[in-house]
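Let me begin by presenting the structure, written as structure tokens, before commenting on it.
Computed from a predicted model, the values in this text were never measured in an experiment. Numbering of residues begins at 1 and proceeds along the displayed sequence.
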Amino acid sequence: MPKIKGFKMDKKVYEYTEIIERDIAENNLTNEEREELAAKIKPMLCDDSIVLAQVNPTSGDIKKNALKAKKWIEWANMLEVKAIVFPETFLLGAPIGDYIIKFPQIVEEAREWLDVLAKIAAKTKVIIGFVEFNNSDKSGKYYNSVAVLSDGKIEKIIRKSVLSDYAELNESRYFVRAVQDDETRVVELGNKKAGLLIGEGECVSSDFGGEGVNFVGKHKKNIQPDFILACVASVSRTGKESQKHSMLSYISKKYSTPIIFVNQAGASDCLSYNGESCVYNALGELIYRAKSFEEQFFIVNPFDNEGMIYPAATGSDKRMNSENKFTLDYEPDLERTYKTIIQSVRDYYNKNGFKRACLGLSGGLDSTVCAVIMADAIGKENVFGISMPSKITSAESKSDAKKLAENLGINFIEVPIKSMFDAARDNFNNMFSQIEAKWDCRYKQSYTNDNIQARTRAMILWGISNEFENCLCIATSDKSEAYMGYATINGDMSGGFAPIADVTKTKLFALARWMNEHREIKNAIPNSIISKRPGAELAINPKTGKPLLAEEALMPYEFMDEVIWRVENTHQSIDDMAKSEFLYERLEHITKEQKLEWLEKFFRRMTSAGYKWSIMPPAPIVDTVSINKTEYHQSILSSGISYRKTSMQEKMKLAAIK
């Protein structure tokens, strides 16, 4: 059990609520056992106890979400708490998709389920997020609303007034901004009043450049709530949690008002919600925090001085890059990164009905990290690693792949691809000679051989996926490769899910070391994999006579990943970067000419890689900024973008102006 400091209730209350959570998930208790358990818990609760329903909804599956809510509400009723609070949009499940535009009957269905849930609400009030028809205009957009249910009916509906349109959020696509009197946002809970906020945007005060929490303050004593209640669906990203919690602490202290923050857990496609619902007291002190990346039936009292504080995932309570400088010290964010991806994989599989995974095991870093993640997320017995060596593949790579599979306990086979490659190459040679008779534009050097190997491997993996029930093959490309377009369409980019597509190569090295240290079975990843220099082993470097290394084709990853960081976080051009000192320059001596050559190569390759970003399989968003298509939108026809500034003199010359 987590450490409890000065907690007023018996610590067993949280051992008991874990039994409730299992019952909600498995329906494993009889009615008599439920009544007995409720009788044990009730004497431990305070008059102002509230259940935070940190739940994992499924986007669009209203029936499933409503029936889940029913179980949580029934348990809250048995405990006779003041209220049970669900996250925003819970009935439809965040994130909201275009299905509410195409099929408005889904919103109607959710509204009918709301009436059903209201029948269950008794003395315990139910505060639950849903999507509401906007009948005041003909825009076709909706309200992001929260309903208050009690005594068998809908007591009140509160609508979101501050919409968020940043990063992965695009609320204006679906919702209209509601205009409501501040008084309508106050919910009576016994002899206390709660001021209700919906979503992150309404939690951002003017001090942080936002419009939220404007209905609290000593100058509004007629509606001053006893505490603030925020129903949100907040996605986990690098550095976000620390900023969010700093803001919540600031708000509660500024207004001398406790704040309860109810967040959802679970993942949907590319978005992973970290939970960590929390309570800050009127002094801005954290007094409760729920578990990270898990559902939880979490009981709180906003007027306690100290309560149960579960440990946050490392990275949730620390701020990365506080000085806004690139660093290779990823340690503060590795646990959060790992848990974000694990939850994303697990929910992608569970919610889509998949059970098994196959992936290529090359003996390299990317496939290694993916194999560990898949084993941890869906169970080692459900993972098949396939070594697919070619004539270029080194003996070390083959032995590393086999050793990794043995250490993880996943299934493993070796399938050489030489015969398939030779057959494809022979057919291509015959075909190319016929085409060359009509076209005189054949490359003197091409990547055809490289790509035949990558696509042959993808064909093997998809064959396994097609042949065996509920099996999905995994794409193993990382973020650094994506920026450079250093991945093969229908090759190593091919798969139904891409676990590490938003993680840079240098961070993957750190994550591999972290997993070796923190997983239950230590050092599952052979050190030879972590220590080797990355390379796809698809071609021979004519200068060395050995398989071409990725850094020989591109540039050092330490330099490349800082370019990526600068592009995403400081929005610098080539010229800006050429004038700035990189961390790599302080560690390794490079000439200005070499630096400029790498920068030009990076931007040249990035410019032509956009079409590959658009066809990347679904991948969990992990970083502060991402090129995941859920968030980043850019025309594929943007290859003419110039990332360096043309002088005014050159502009005049090009325009032929004297």
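- For the atom pair T327 OG1 and E562 CD, the distance stands at 9.5 Å (nearest 0.5 Å).
- Ring planes of F428 and F432: parallel class, angle under 30° (limits at 30 and 60°).
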Worked verdict on D366 versus K505 for salt bridge (Lys or Arg N to Asp or Glu O under 4.0 Å)
CA-CA 8 Å; D366 291 355; K505 185 76 80 176; 3.1 Å; yes

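- Surrounding CD of E581 are more than 12 heavy atoms belonging to other residues, nucleotides or ligands, all under 6.0 Å away.
- The backbone N or O of I621 lies less than 3.5 Å from no partner atom in the side chain of D502, so there is not a single donor-acceptor pair.
- By the neighbour-count criterion of 12 heavy atoms within 6.0 Å, atom NZ of K601 is densely surrounded, having more than that number from other residues, nucleotides or ligands.
- Relative to the six-membered ring of F582, R566 meets both conditions, a distance below 6.0 Å and an angle of at most 45° to the axis.
- Identified under the side chain to side chain donor-acceptor pair (under 3.5 Å) test for residues 509-518, with sequence neighbours left out: W514-H518.
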Quick one, N449 with L538, criterion side chain to side chain contact (heavy atoms under 4.5 Å, CB included). Give me CA distance, side-chain angles, the key distance, then yes/no.
CA-CA 8 Å; N449 284 351; L538 296 174; over 6 Å; no

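- Side-chain atoms of Q343 and S272 include a donor-acceptor pair closer than 3.5 Å.
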Checking E396 against K532 for the salt bridge (Lys or Arg N to Asp or Glu O under 4.0 Å) test, could you report, in this order, the C-alpha distance in whole Å, the side-chain angles of both residues, the deciding distance, and whether it holds?
CA-CA 10 Å; E396 291 78 12; K532 78 171 64 169; over 6 Å; no

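- Remark: C270 SG to F497 CZ distance equals 6.5 Å, nearest 0.5 Å.
- Using modelled atom types, one finds a donor on one side chain and an acceptor on the other under 3.5 Å when comparing S367 with S362.
- The number of heavy-atom neighbours closer than 6.0 Å to NZ of K595, taken from other residues, nucleotides and ligands shown, is above 12.
- No side-chain donor-acceptor contact under 3.5 Å links N430 to the backbone of D426.
- For K351 (side chain) and P57 (main-chain N/O), a donor-acceptor pair under 3.5 Å exists by modelled atom type.
- A donor-acceptor contact shorter than 3.5 Å is absent between the side chain of R356 and the backbone of C471.
- S234 and N263 share no donor-acceptor pair across their side chains, judged by distance under 3.5 Å alone.
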Worked check of side chain to side chain contact (heavy atoms under 4.5 Å, CB included) between E597 and T591
CA-CA 10 Å; E597 179 185 330; T591 64; over 6 Å; no

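- Rounding to the nearest 0.5 Å places CD of Q594 at 10.0 Å from CG of L599.
- Atoms CG and CG, from N382 and N470 in turn, are 10.0 Å apart once rounded to the nearest 0.5 Å.
- The heavy-atom pair separating A377 from V345 by the smallest distance is CB-CG1, 3.6 Å.
- In this structure a side-chain-to-backbone donor-acceptor pair under 3.5 Å is present from K629 to M616.
- Under a 4.0 Å N-O distance rule, the pair E631/R237 qualifies as a salt bridge.
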In residues 549-559, what donor-acceptor pairs under 3.5 Å come from side-chain atoms, sequence neighbours left out?
{"residue": "E551", "atom": "OE2", "partner": "Y557", "partner atom": "N", "Å": "3.2"}
{"residue": "E552", "atom": "OE1", "partner": "N541", "partner atom": "ND2", "Å": "2.9"}
{"residue": "E552", "atom": "OE1", "partner": "L549", "partner atom": "N", "Å": "3.0"}

Steps toward salt bridge (Lys or Arg N to Asp or Glu O under 4.0 Å) verdict (E568, K479):
CA-CA 12 Å; E568 293 187 338; K479 185 173 186 173; 3.0 Å; yes

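- Note: L508 CG to D478 CG = 5.5 Å, rounded to the nearest 0.5 Å.
- With hydrogens and angles disregarded, no donor-acceptor distance shorter than 3.5 Å links the side chain of S465 to the backbone of L461.
- Between the E171 side chain and the S164 main chain, a donor and an acceptor come within less than 3.5 Å of each other.
- D165 contributes a side-chain N or O that, together with a main-chain N or O of S172, makes up a donor-acceptor pair within less than 3.5 Å.
- At least one donor-acceptor pair under 3.5 Å links the side chain of R457 to the backbone N or O of M388.
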As a quick check of understanding, evaluate side chain to side chain contact (heavy atoms under 4.5 Å, CB included) for R455 and I489, giving each step before the final call.
CA-CA 8 Å; R455 289 172 181 146; I489 294 175; 4.3 Å; yes

Could you check I392 against I540 for side chain to side chain contact (heavy atoms under 4.5 Å, CB included), going step by step and ending with a plain yes or no?
CA-CA 8 Å; I392 297 175; I540 299 297; 4.0 Å; yes

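- Put simply, CD1 on I464 and CE on M459 are 11.5 Å apart, with the number rounded to the nearest 0.5 Å.
- At a cut-off of 3.5 Å, with distance as the only test, a side-chain donor of T630 or N628 sits close to an acceptor on the other residue.
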So S419 and D422, side chain to side chain donor-acceptor pair (under 3.5 Å) or not? Walk me through it.
CA-CA 5 Å; S419 60; D422 290 342; over 6 Å; no

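- Looking only at atom types and distance, the side chain of T488 has no donor-acceptor partner in the side chain of Y447 under 3.5 Å away.
- Looking only at atom types and distance, the side chain of S292 has no donor-acceptor partner in the side chain of K339 under 3.5 Å away.
- Residues passing the ring-ring contact (aromatic ring centres under 6.0 Å, His included) test with Y349 are F354, sequence neighbours excluded.
- Of the possible donor and acceptor atoms, none in the side chain of K402 sits under 3.5 Å from a partner among the backbone N and O of S387.
- For the residue pair D492 / T476, no side-chain donor-acceptor distance below 3.5 Å is found, with atom types taken as modelled.
- For the residue pair T448 and R425, no side-chain donor N or O sits within less than 3.5 Å of a side-chain acceptor on the partner.
- When only modelled atom types and interatomic distance are considered, S397 and E537 share a side-chain donor-acceptor pair under 3.5 Å.
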Audit row: D333, R336, salt bridge (Lys or Arg N to Asp or Glu O under 4.0 Å) steps and yes/no
CA-CA 6 Å; D333 196 43; R336 187 207 61 86; 2.6 Å; yes

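- Summarising the local packing, NE2 of H589 is surrounded by 12 or fewer heavy atoms from other residues, nucleotides or ligands at distances under 6.0 Å.
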